[in-house]
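The structure displayed is predicted, hence computed values, not measured ones. Heavy-atom basis, side chains included; hydrogens, waters and symmetry copies ignored.
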Amino acid sequence: MAGPQANALRKVTWHILPYLFIIYFIAFLDRSSITYASIGGMDQGLGLTATTYGFIAGIFFIGYFIFGIPGNMMLERIGARRWMAFILIFWGTVTLVTGFVNSIPMLVILRFLLGVSEAGLFPGMTLYITYWIRSQDRARAIAAFMVAPPVANSIGAPVATWIITRVHLALGLAGWRWLFIIIGVPAVLMGIYTVFFLADKPATATWLTPQERDWLVQALTLDAQRAQEKRVVNAPFTAAFKDAKIWKLTGMNFFYCVGLYGITFWMPQMVKALSSDLSTMQIGLISAIPYLLGAIALVVNGRLSDRSGERPVHTAIGALLGSLGFVGAALTTHLPVLSVGFICLAAIGVYAYSGPYWALSTTIDPRMAAVGLGIVNAVGNFGGFFGPYAIGWLKTATHSTVTGMLFLAAALIIPAIIVLTFRHHSAPAATPTHAPV
């Protein structure tokens, strides 16, 4: 491939995908900032118990669930570019205002609104990709920005704790308040910049030459026509609710999200509990290591699964490693270094799981795929509420993070057992190997 074709594909790749990665990166910084605010003085400042913190961390997913469908309707009405710009400004403002919160009810409302605002982000990005990238290249394009969550957590941990400790009491505000303010500002700025940086469609992209625009428009039109010819007639809506595979995948996703967001919102607390000598900055640096290893595991296991075409075993291995890591961390809290090593193993397993699992989910009957994947993703996200809340309740009841770790270990065993009831499933290398969250 040479000439306008190659130039157009290269320009689209480097103009759009890094930008979407940055947007998704910022989203997960804003989503997880409460984790570090918790260990940086927010709990004491607002009088939060462990149970209350777990509820507030998890209520994000209630807003995310309720407004997922309305968000998609607005996306279709006003367009992906403008919708992404609006929700960036919306959630950035919510995060920034959180820095000035003075009561638990207000914090609950703001976390709920953060979930509301982020509900339309992933659908907006995936729709925008369809405007620019042919179907044969979309899986790799989506994978390019789906690695953002663990990368954001690995970088965000030391950055967040640095802000908390170094900007503390500037202008009379506590460090945890500055964390929300500073992390909220980039989202607002990116929202404003999005309107000017992104073009709605290839036909209006001034950064493509006329020849490149013409070729890309023709290629995408032909791609859409082929997809229309292959479109499968959907099965009745109720058929998806009777399909055993869909409910197996839904159960797996629910308990996986319990583990994923349990570790996302409680890892710094787990690390902090290992030693009273650790400073806030040290907790942030240590917390970055599991996420970094998790990002590597996500990519490696996804590629291994793609190469072999095998899904269930690669999925089960991730869940089992995650469970083993949490058990080991719980049993070695008296040996901090070893316990951190097991937390790293837990993160490796949790993130390694997602690639082959979502590839396995594409084996749903195409006639029920739209409704089926909606059930899997929507119900699964309730695990994001249940996990953090349950760990907070257990910590309040036992005054320890050990029971919470064992709870996460038990939760991850369930998807490992369920997935092994699947027959061997293979999928083409182009199958998306990352989760829509």
Side-chain angles (χ1 to χ4, degrees), residues 28 31-39 43 48-62 64-65 111 115 149-150 152-154 156-157 251-274 283 286-287 290-291 293-294 297-298 318-331 333 339-340 342-354 357 379-398 400-416 435 437:
F28 270 77
R31 185 183 300 190
S32 62
S33 57
I34 194 170
T35 309
Y36 304 99
S38 176
I39 64 170
D43 290 4
L48 301 182
T49 65
T51 303
T52 307
Y53 164 73
F55 174 82
I56 291 172
I59 202 171
F60 168 95
F61 294 97
I62 304 299
Y64 192 96
F65 169 76
R111 282 295 295 182
N153 284 329
S154 66
M252 289 172 61
N253 196 33
F254 176 88
F255 287 103
Y256 168 69
C257 285
V258 169
L260 172 64
Y261 290 107
I263 194 171
T264 298
F265 291 118
W266 282 97
M267 185 192 294
Q269 298 274 15
M270 294 175 184
V271 173
K272 181 180 181 180
L274 296 177
I283 293 170
I286 293 171
S287 297
Y291 288 125
L293 294 175
L298 184 151
L320 291 172
L321 286 178
S323 181
L324 178 62
F326 282 125
V327 171
L331 297 179
T333 53
S339 190
V340 168
F342 277 114
I343 291 175
C344 289
L345 180 62
I348 288 171
V350 165
Y351 284 105
Y353 171 100
S354 65
Y357 166 77
V379 177
N381 272 314
F382 274 115
F385 169 77
F386 182 72
Y389 178 68
I391 295 173
W393 183 86
L394 288 170
K395 185 180 179 184
T396 299
T398 64
S400 171
T401 59
V402 170
T403 310
M405 292 180 187
L406 294 175
F407 167 76
L408 295 179
L412 289 173
I413 284 290
I414 296 173
V437 292

Any residue meeting side-chain hydrogen bond (donor to acceptor under 3.5 Å, both in side chains) with Ser400, in chain and number order, not counting sequence neighbours: none
What heavy-atom pair brings Ser287 and Val271 nearest, and what distance separates the two atoms? OG-CG2, 4.0 Å
Is the Trp393-Phe386 ring centre distance short of 6.0 angstrom? no
What pair of heavy atoms forms the shortest contact from Pro388 to Gly383, and how long is it? CD-O, 4.1 Å
Proximity of Phe385 and Phe60 rings by center, below 6.0 Å: no
Contact summary for Phe326 and Leu412, nearest pair of heavy atoms: CE1-CD1, 3.7 Å
State whether a side-chain donor-acceptor pair under 3.5 Å links Thr49 with Thr52. yes
Rounded to the nearest 0.5 Å, what separates atom CD1 in Ile56 from atom CG in Asp43? 8.5 Å
Flag side-chain contact, heavy atom, 4.5 Å: Leu298 against Ser354: yes
OG1 (Thr264) and CZ (Phe28) are apart, to the nearest 0.5 Å, by 7.5 Å
Of all heavy-atom pairs between Gly318 and Ala352, which one has the smallest distance, and what is that distance? CA-CB, 4.4 Å
Reported NZ-to-CD1 distance for the pair Lys272 and Ile286, which is rounded to 0.5 angstrom: 13.0 Å
Near-ring test Tyr261/Phe61, centroid separation under 6.0 angstrom: yes
Going by heavy atoms in the side chains, are Tyr353 and Tyr256 under 4.5 Å from each other? yes
Start with the C-alpha gap between Phe382 and Ile62, add the side-chain angles, then the distance that decides, and say whether side chain to side chain contact (heavy atoms under 4.5 Å, CB included) holds. CA-CA 7 Å; Phe382 274 115; Ile62 304 299; 3.7 Å; yes
Just verifying a value: how many Å separate Ile263 CD1 and Thr35 OG1, rounded to the nearest 0.5 Å? 11.0 Å
Can you check whether Thr403 reaches Ile391 side chain to side chain, under 4.5 Å on heavy atoms? no
Are Lys395 and Trp266 packed together at the side-chain level, in the sense that at least one heavy-atom pair is separated by less than 4.5 angstrom? yes
Roughly how far, to the nearest 0.5 Å, is the CG atom of Leu260 from the CG atom of Asn253? 9.0 Å
Backbone N or O of Thr396 within a donor-acceptor pair of the Thr51 side chain at under 3.5 Å? no
I need the minimum non-hydrogen distance between Ala329 and Phe342, along with the two atoms involved. N-CB, 3.3 Å
Are any of the side-chain heavy atoms of Val258 and Phe407 separated by less than 4.5 Å? yes
First locate atom CD1 of Ile343, then atom OH of Tyr291, and finally report the distance between them rounded to the nearest 0.5 Å. 10.0 Å
For the student: nearest non-hydrogen atoms of Met267 and Pro290, plus distance: CE-CB, 3.6 Å
Ile34 vs Tyr53, test: side chain to side chain contact (heavy atoms under 4.5 Å, CB included). Steps then yes/no. CA-CA 9 Å; Ile34 194 170; Tyr53 164 73; 4.1 Å; yes
